[in-house]
Amino acid sequence: QVQLVESGGGLALAGGSLSLSCAASGRTFGSYAMGWFRQAPGKEREFVAAINWRGSRTYYGDFVKGRFTISRDNAKNTVYLEMSSLKPEDTAVYYCAARTSQVPSVDSYDYNYWGQGTQVTVSS
């Protein structure tokens with residue numbers, strides 16, 4: 001049993017910053033890899049970032065352009081996504097996901113548990 005709860009979504013102005021958190025409980029206290037995905041209306045779900053809970057390796061979608069940073073605090077069992085230089089095209093529902101593997105993946109099908117999602121809206 002793994003539960004993921006996202007928080008931190010909301011409204012931001014273009015060029016601003018926003019930080020998301022994903023609090024995990026259950027088996028994710030182990031060495032599961034974690035990821036962030038997002039989905040906008042009329043768009044496919046796309047990979048944002050991933051991190052290995054047993055190490056410091058991180059991966060990012062090409063569209064991030066160095067603007068987003070994923071991090072984790074295993075003592076708090078929490079994953080973060082720090083977003084800066086936000087653009088209107090970043091508007092989407094952001095989902096936290098956990099994979100029953102130590103190795104991250106960019107494919108949403110490789111993840112086994114999902115949070116409810118948190119809305120991020122960026123306006124100009």
Side-chain angles (χ1 to χ4, degrees):
Q1 48 183 280
V2 175
Q3 297 84 40
L4 305 174
V5 180
E6 303 97 334
S7 62
L11 178 65
L13 296 175
S17 300
L18 202 62
S19 295
L20 306 182
S21 298
C22 175
S25 62
R27 287 188 174 273
T28 194
F29 282 105
S31 57
Y32 292 2
M34 306 291 294
W36 286 97
F37 294 80
R38 71 184 187 184
Q39 187 167 24
K43 304 293 184 180
E44 66 179 5
R45 183 168 296 188
E46 60 183 353
F47 170 76
V48 176
I51 188 168
N52 188 341
W53 274 88
R54 296 190 66 197
S56 59
R57 291 187 300 168
T58 58
Y59 305 85
Y60 297 95
D62 292 337
F63 59 85
V64 172
K65 305 295 184 181
R67 299 179 296 117
F68 294 2
T69 300
I70 186 172
S71 62
R72 88 291 190 196
D73 186 337
N74 286 342
K76 298 181 178 179
N77 206 35
T78 302
V79 179
Y80 305 93
L81 183 68
E82 299 179 18
M83 304 179 290
S84 62
S85 301
L86 286 166
K87 305 175 181 180
E89 52 262 43
D90 293 321
T91 296
V93 177
Y94 284 71
Y95 297 91
C96 177
R99 186 189 184 195
T100 56
S101 170
Q102 304 96 326
V103 181
S105 173
V106 301
D107 194 332
S108 63
Y109 289 109
D110 288 332
Y111 290 82
N112 308 97
Y113 304 97
W114 294 84
Q116 187 176 359
T118 184
Q119 177 71 47
V120 172
T121 302
V122 183
S123 61
S124 59

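Nearest heavy-atom pair across Val120 and Gly9 is CG2-CA, 4.3 Å. What you find for Ala49 and Leu81 is that their closest heavy atoms are CB-CD1, 4.3 Å. For the residue pair Arg57 and Asn52, the shortest heavy atom distance occurs at NH2-ND2, 3.1 Å. Annotation for Pro104 and Ile51: closest pair CG-C, 3.8 Å, computed over non-hydrogen atoms. Closest approach of Ala50 and Ser105 over heavy atoms only: CB-O, 4.2 Å. The minimum heavy-atom distance linking Ser85 with Arg67 is given by the pair O-NH1, 3.1 Å.
Hydrophobic clustering, with ILVMFWY side chains joined whenever heavy atoms are under 4.5 angstrom apart, keeps Tyr95 apart from Leu4. Val48 and Val122 fall within a single hydrophobic cluster, where Ile, Leu, Val, Met, Phe, Trp and Tyr side chains are chained together by heavy-atom contacts under 4.5 Å.
Note that CG of Leu11 is 10.0 Å distant from CD of Gln119, once rounded to the nearest 0.5 Å. The CG atom of Leu18 lies 11.0 Å from the OG atom of Ser84; values are rounded to the nearest 0.5 Å. For the atom pair SG (Cys96) and OH (Tyr80), the distance works out to 12.0 Å, reported to the nearest 0.5 Å. Taking OG from Ser101 and OH from Tyr111, the interatomic distance works out to 9.0 Å, rounded to the nearest 0.5 Å.
Within 6.0 Å of the CG atom in Asp62, the count of heavy atoms belonging to other residues, nucleotides or ligands does not exceed 12.
Under the 4.5 Å side-chain criterion, counting only non-hydrogen atoms from C-beta, Glu46 is in contact with Phe63. The shortest distance between side-chain heavy atoms of Glu6 and Leu20 does not fall below 4.5 Å. Put simply, the side chain of Gln116 does not reach to within 4.5 Å of the side chain of Val5, judged on heavy atoms. You'll find the side chain of Val106 stays beyond 4.5 Å of the side chain of Phe37, heavy atoms only. For the pair Met83/Val64, no side-chain contact is recorded, criterion being any heavy-atom separation below 4.5 Å from C-beta on. At a threshold of 4.5 Å between non-hydrogen side-chain atoms, the residues Leu13 and Ser123 count as touching. Looking at heavy atoms from C-beta onward, Trp36 lies in side-chain contact with Val79 at the 4.5 angstrom threshold. In this structure, Tyr32 and Asn112 have side chains that are not in contact, with every pair of non-hydrogen atoms separated by 4.5 Å or more.
One N or O on the side chain of Asn77 and one on the backbone of Ala24 form a donor-acceptor pair closer than 3.5 Å.
Looking only at atom types and distance, the side chain of Tyr94 has a donor-acceptor partner in the side chain of Arg38 under 3.5 Å away.
Proximity of the aromatic rings of Tyr59 and Phe47 is defined here by a centroid distance below 6.0 angstrom, and this criterion is not met.
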